[in-house]
Structure formats: C-alpha cells, structure tokens
Amino acid sequence: MTTIGIIGAGHIGSQLARKAVELGYDVVISNSRGPETLADLAAELGPKARAATPAEAAAAGDFAVVTVPLKSIADLPAGPLAGKIVLDTNNYYWERDGRFPALDAGEATTSGLLQEHLPQSKVAKAFNHILAAQITTDGTPAGTPNRRALATASDYPEAVALVTRVYDEFGFDTVNIGPLSESWRVERDRPAYVVRQNAAELTQNLAKAPRTI
C-alpha cells in the first residue's frame, strides 16, 4: 500500500490525512513541533497513521505533501525528498509570511520557490484552493454531474498524473494548468481561489486570473 508523507499537520494536512486513511493509504504525518504534539491526531487516524519528524515523514512517503507556511519552506528536508513527487498546498499570505518581492512583482510562484528549494524533487501544485473542511466533504464519484474540479501544475508529467489520480480518489476532477510558472493562476485572491467550480468553470476562472493582485 502506498505511504504518504505529510509535512505539516495544520488544517489542510490533517484533513488530507483523514481522507487518505479512509481511502486505505498509510500516512506518516509531521509538524515542526515534534511527533509527541500529534498524539491525539495519530490516535484519531488509527493504525494506518503515525506521527514522525518532517525528515522521517519525507523518508517514509512514496510521495509527499508539503503543507507548511511559505516562510518555512527553507526548513524542509531536501535530502529525504530527493527523487520524489511532492504535492505543494501552499499559498502566499504576506501577513503571515512576510513580503516576497518576487511574488509581489509576479516574477515567481509559491510552488516554483518550493521547486527551487527541492531541486531533486518533482513538485506539483495541489489542494491549495479548497477550504480544508471541504477536502473530506465535497468529493463525489467520477462522472457525477457538476463534479467539483481542482487545479494542478507541474514541470513533470508524472507529477501531474499522480495528482490527477489522487484528486480522482478524493472525489475531484482535475484541470492541468501547465508548468509551475503558470501556477499563480490558482493562487490567493484570484477567480479560482476557494470557490466551488466544475472543470469548465475552473478553466474559465484560470483564464481570467490577473498576474499580480
């Protein structure tokens, strides 16, 4: 069975872990404060999950999810993530993260910054524009009319393929934006951000997105 290493146990990380365990994945989840602080969550998730350090979660995962504040990506363990697909849920909140001039100027993307920090990994944007609670409530079977869609972007086709599979398992259609350089289209305060939309609507909203906000 596939193991997902989740780095970050906030709202999104916890919800992804809950759904992944429900689907039969093994989960190793971590945060910056130590596995002992995740005892309650690990107990809730049951025998298919365990708490660990970020490096241990990265090493254990067949693929990984990074769901930490943007200001913290420099602390991520690059070595254990080398060669792996990494799903990035990040968004830029300058109020929390401080200012990133390259992002403000439209010269970079959040997932692109993560890819720079993890040059031997294959980063894909995923689960960044859905409210955490809806990860476990809004999914529906493939073929459901008006099925909710989520976007991804990556410089690696195999990473897009993995996100597409995971999205479908979680109950969502996929819209592929293209390379990471285009992933700004689904970031904060743009038309596709945290609104429920089917694939056609998401495609339209991505096209309407302004480069800077």
Side-chain angles (χ1 to χ4, degrees), residues 2 4 6 8 10-25 27 62-68 70 85-93 103 106 109-115 121-213:
T2 300
I4 307 177
I6 301 179
H11 295 301
I12 293 178
S14 297
Q15 285 295 88
L16 289 173
R18 291 182 179 103
K19 188 64 177 180
V21 166
E22 177 187 319
L23 291 169
Y25 284 98
V27 170
D62 296 299
F63 66 92
V65 177
V66 166
T67 179
V68 302
L70 181 64
I85 294 172
V86 177
L87 278 53
D88 175 39
T89 76
N90 220 328
N91 291 295
Y92 173 39
Y93 296 102
L103 295 177
T109 66
T110 58
S111 293
L113 293 177
L114 180 61
Q115 183 68 79
S121 301
K122 300 173 182 179
V123 172
K125 196 77 171 175
F127 290 109
N128 78 296
H129 65 114
I130 180 172
L131 295 175
Q134 295 171 345
I135 291 171
T136 56
T137 62
D138 274 25
T140 55
T144 300
N146 203 38
R147 192 189 199 200
R148 186 168 182 172
L150 297 175
T152 190
S154 180
D155 298 336
Y156 298 94
E158 57 269 42
V160 171
L162 175 64
V163 174
T164 301
R165 189 195 86 198
V166 171
Y167 275 174
D168 188 55
E169 291 171 346
F170 276 55
F172 304 99
D173 285 341
T174 300
V175 173
N176 179 12
I177 304 173
L180 288 182
S181 60
E182 291 293 305
S183 61
W184 57 267
R185 293 181 179 277
V186 76
E187 291 185 348
R188 176 190 179 185
D189 293 337
R190 292 175 174 84
Y193 189 65
V194 296
V195 295
R196 193 201 183 285
Q197 55 213 313
N198 60 30
E201 293 165 338
L202 175 52
T203 300
Q204 292 170 358
N205 283 333
L206 292 168
K208 292 188 295 186
R211 183 63 181 91
T212 57
I213 54 175

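Given the structure is predicted, the values throughout are model-derived calculations rather than measurements. If you read the sequence from its start, that first residue is 1, and numbering goes on from there.
- Applying the salt bridge (charged side-chain N to carboxylate O under 4.0 Å, His left out) definition to pairs two or more places apart or across chains, those involving residues 141-157 are Asp138-Arg148, Arg147-Asp168, Arg147-Asp173.
- Annotation: ring pair (Phe, Tyr, Trp, His ring centres under 6.0 Å) contacts of Tyr193 (sequence neighbours excluded): none.
- To the nearest 0.5 angstrom, Leu114 atom CG is 10.5 Å from Ser183 atom OG.
- Note that CD of Gln197 and CD of Gln204 are 10.0 Å apart. Values are rounded to the nearest 0.5 Å.
- For Gly13 against Ile6, the heavy-atom pair with the smallest separation is O-CD1, 3.9 Å.
- Under the 4.5 Å side-chain criterion, counting only non-hydrogen atoms from C-beta, Lys19 is not in contact with Val166.
- Looking at heavy atoms from C-beta onward, Leu87 lies in side-chain contact with Leu162 at the 4.5 angstrom threshold.
- Taking every heavy atom of both residues into account, Leu150 and Leu202 meet most closely at C-CD2, 3.6 Å.
- Side-chain polar atoms of Asp62 and Thr2 form no donor-acceptor pair below 3.5 angstrom.
- Residue Asp88 holds its CG atom at 5.5 Å from OG1 of Thr110, rounded to the nearest 0.5 Å.
- Separating the NZ atom in Lys208 from the CZ atom in Arg185 is a distance of 12.5 Å, to the nearest 0.5 Å.
- Residues Ser154 and Leu180 approach most closely at CA-CD2, 3.8 Å, considering heavy atoms.
- A distance-only check finds a donor-acceptor pair linking the side chain of Arg190 to the backbone of Arg211 [under 3.5 Å].
- In this structure a side-chain-to-backbone donor-acceptor pair under 3.5 Å is missing from Glu182 to Pro179.
- In this structure, Ala192 and Val186 approach most closely via the heavy-atom pair CB-CG2, 4.2 Å.
- Here the shortest heavy-atom pairing between Gly8 and Val68 reads CA-CG1, 4.0 Å.
- The aromatic rings of Phe63 and Tyr25 lie perpendicular to each other, with more than 60° between the two planes, well past the 30° mark.
- The backbone N or O of Lys125 sits less than 3.5 Å from a side-chain atom of Thr152, completing a donor-acceptor pair.
- Residue Asn128 forms a side-chain hydrogen bond (donor to acceptor under 3.5 Å, both in side chains) with just one option from Asn91, Thr89, Asn90, and that option is Asn91.
- The shortest distance between side-chain heavy atoms of His11 and Leu131 does not fall below 4.5 Å.
- Residues Glu169 and Arg165 are paired through a salt bridge, judged by an N-O separation under 4.0 Å between the basic side chain and the carboxylate.
- Under the 4.5 Å side-chain criterion, counting only non-hydrogen atoms from C-beta, Arg188 is not in contact with Tyr92.
- Expressed to the nearest 0.5 Å, how far CG of Leu16 lies from CZ of Phe127 amounts to 5.5 Å.
- Tyr156 places no side-chain N or O within donor-acceptor distance of the main-chain N or O of Ala124, the cut-off being under 3.5 Å.
- Annotation: side chain of Gln134 is not in contact with side chain of Phe172 (no heavy-atom distance under 4.5 Å).
- A pairwise comparison of heavy atoms in Val123 and Gln115 identifies N-OE1, 3.0 Å as the closest pair.
- To the nearest 0.5 angstrom, Leu23 atom CG is 5.5 Å from Phe170 atom CZ.
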